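Each chain gets a letter, A, B and so on, in the order the sequences are listed, and its residues count up from 1. Owing to the predicted nature of the structure, the values given are computational and were not obtained by experimental measurement.
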Protein chains: 2
Amino acid sequence: MPNTFKTAAERRIRQCGGRVTAGRVRILTILLAEQQAITHREIERRLLGKLPLDRVTLYRVLEWLTDKQLIHKVVSDDRVWRFHTNNELNSHQHAHFKCTSCASVICLDELPNERDWSLPIGYQFQEIELTVKGLCAECV
Amino acid sequence: MPNTFKTAAERRIRQCGGRVTAGRVRILTILLAEQQAITHREIERRLLGKLPLDRVTLYRVLEWLTDKQLIHKVVSDDRVWRFHTNNELNSHQHAHFKCTSCASVICLDELPNERDWSLPIGYQFQEIELTVKGLCAECV
DNA sequence: TACTAGTTGCAACATTGTTGCATTACTAAA
DNA sequence: TTTAGTAATGCAACAATGTTGCAACTAGTA
Ligand SMILES: [Mn+2]
Ligand SMILES: [Mn+2]
Ligand SMILES: [Zn+2]
Ligand SMILES: [Zn+2]
């Protein structure tokens, strides 16, 4: 139901008190329909068929959606950010899996406990960023 | 003892069967003297006083030292690689700490167990990449 | 010393993301 | 419904980090 995703996107954007613009709706709709975390480039490609959206606007919309916590940003060793919608399951801190063959990224639900990491004296813990690497089911 | 570091650098490079060139020695000497993982840029700055080394050569030397496992590369959310010498303690897989204030990076010695992460069906584990973020002793 | 494969310097390029600013368009108020 | 104000957009230029191709150089060896 792509229409359902679009409706949900519009509703979420409005709930944030933000302006419901075509770009925001199109981008959030794409992300809502996507199982895995995808890159700026991949979103750009999905926007190609319809009238294209400027790449700077895409960066700015992704930043806005992240600020509003409608999506989250995943960092990776390939220096490319990936984005994924937030829901109840992954709105908290969580780990990610990245396939070393196809570079696909998914969210995992676990994260090790802070107390498992003894830092040097004087150091203050804030958060953990964890990526499990391996082969996804497609690439195995 | 900077001279000691230089001697050690020469020895390690020779032990790898690689040519002992001025650039390699200067770079590995800098890394041996450094407690924390430092960036390409930071190494470049430390090379400034003496006759400068081309930035492409610096990239290529860092790649070579990494291939030879004399140093290792640390990925970070700021899309900048950092490099640190290998020794007995950190030659194995290990976690890193990154200060969210000054961006300094150090190696930790622990890493969670593979079995702690249940992957989706069909996924194959390879390795874990973990960064603890917080404030270092200087910034706390 | 001369040879040669490995190494370097330089210029050009690629990728990912950012900034400034004029123009456009969403929304609320009239 | 129209208007006005502000938020959002498009475009060009820029920044940071890393890569590639190739000619010139040099460390190690015979
Ligand atoms: Mn995630
Ligand atoms: Mn390390
Ligand atoms: Zn894969
Ligand atoms: Zn710090």
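- Within 6.0 Å of atom CD in A/E138, 12 or fewer heavy atoms from other residues, nucleotides or ligands are found, so the atom counts as exposed in its surroundings.
- Counting side-chain heavy-atom gaps under 4.5 Å among Ile, Leu, Val, Met, Phe, Trp and Tyr, B/L51 is found in no cluster with other residues.
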Next on the checklist: How would you summarise protein contacts on nucleotides 24-30 of chain D per nucleotide, using B for base, S for sugar-phosphate only and - for none, with heavy-atom distances below 4.0 Å?
Outcome noted: --BBS--
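- When the C1' atom of D/dT17 is taken as reference, atom CD1 of B/I43 falls 14 Å away, rounded to whole Å.
- Considering only residues two or more places apart in sequence or on other chains, B/D78 meets the salt bridge (charged side-chain N to carboxylate O under 4.0 Å, His left out) condition with B/R82, B/K98.
- Residues that satisfy the side-chain hydrogen bond (donor to acceptor under 3.5 Å, both in side chains) test with A/S101, not counting sequence neighbours, are absent from this structure.
- Following rounding to the nearest Å, B/R24 (CZ) and C/dG6 (C1') show an atom-to-atom distance of 8 Å.
- Hydrophobic side-chain contacts under 4.5 Å tie A/V74 into a cluster, directly or through other members, with A/V105.
- Applying the 4.5 Å side-chain rule to ILVMFWY residues, one finds B/V140 in the same cluster as B/L135.
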Show each protein N/O and nucleotides 28-30 of chain C N/O combination with a separation under 3.5 Å, one pair to a line.
none

Checklist outcome for this item: Protein heavy-atom contacts under 4.0 Å, written 5' to 3' over nucleotides 11-20 of chain C as B (base), S (sugar-phosphate only) or - (none), form the string B----BBBBB
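- Summarising the geometry, the separation between CG on A/L51 and P on C/dT24 is reported as 16 Å, rounded to the nearest angstrom.
- Residue pairs satisfying the side chain to side chain donor-acceptor pair (under 3.5 Å) criterion with at least one member in residues 33-44 of chain A, sequence neighbours excluded, are listed as follows: A/E34-A/R46, A/T39-A/E42.
- Rounded to whole Å, the distance from CG on B/L62 to P on D/dT17 is 14 Å.
- We find that CZ of B/R82 is positioned 9 Å from P of D/dT17, with the value rounded to whole Å.
- Look at CG on A/L58: it is 12 Å from C1' on D/dT9, rounded to the nearest Å.
- Residues passing the ring-ring contact (aromatic ring centres under 6.0 Å, His included) test with B/F97, sequence neighbours excluded: A/Y123.
- The distance from atom CZ of A/R26 to atom P of D/dT9 is 11 Å, rounded to the nearest whole Å.
- With sequence neighbours excluded, the residues satisfying side-chain hydrogen bond (donor to acceptor under 3.5 Å, both in side chains) with B/H96 are B/H94.
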Item to check | B/I71 and B/I27: CA distance, side-chain angles, deciding distance, side-chain contact (heavy atoms from CB on, under 4.5 Å) verdict | outcome: CA-CA 11 Å; B/I71 65 176; B/I27 293 166; over 6 Å; no
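- Not counting sequence neighbours, A/K68 has no partner by the salt bridge (charged side-chain N to carboxylate O under 4.0 Å, His left out) test.
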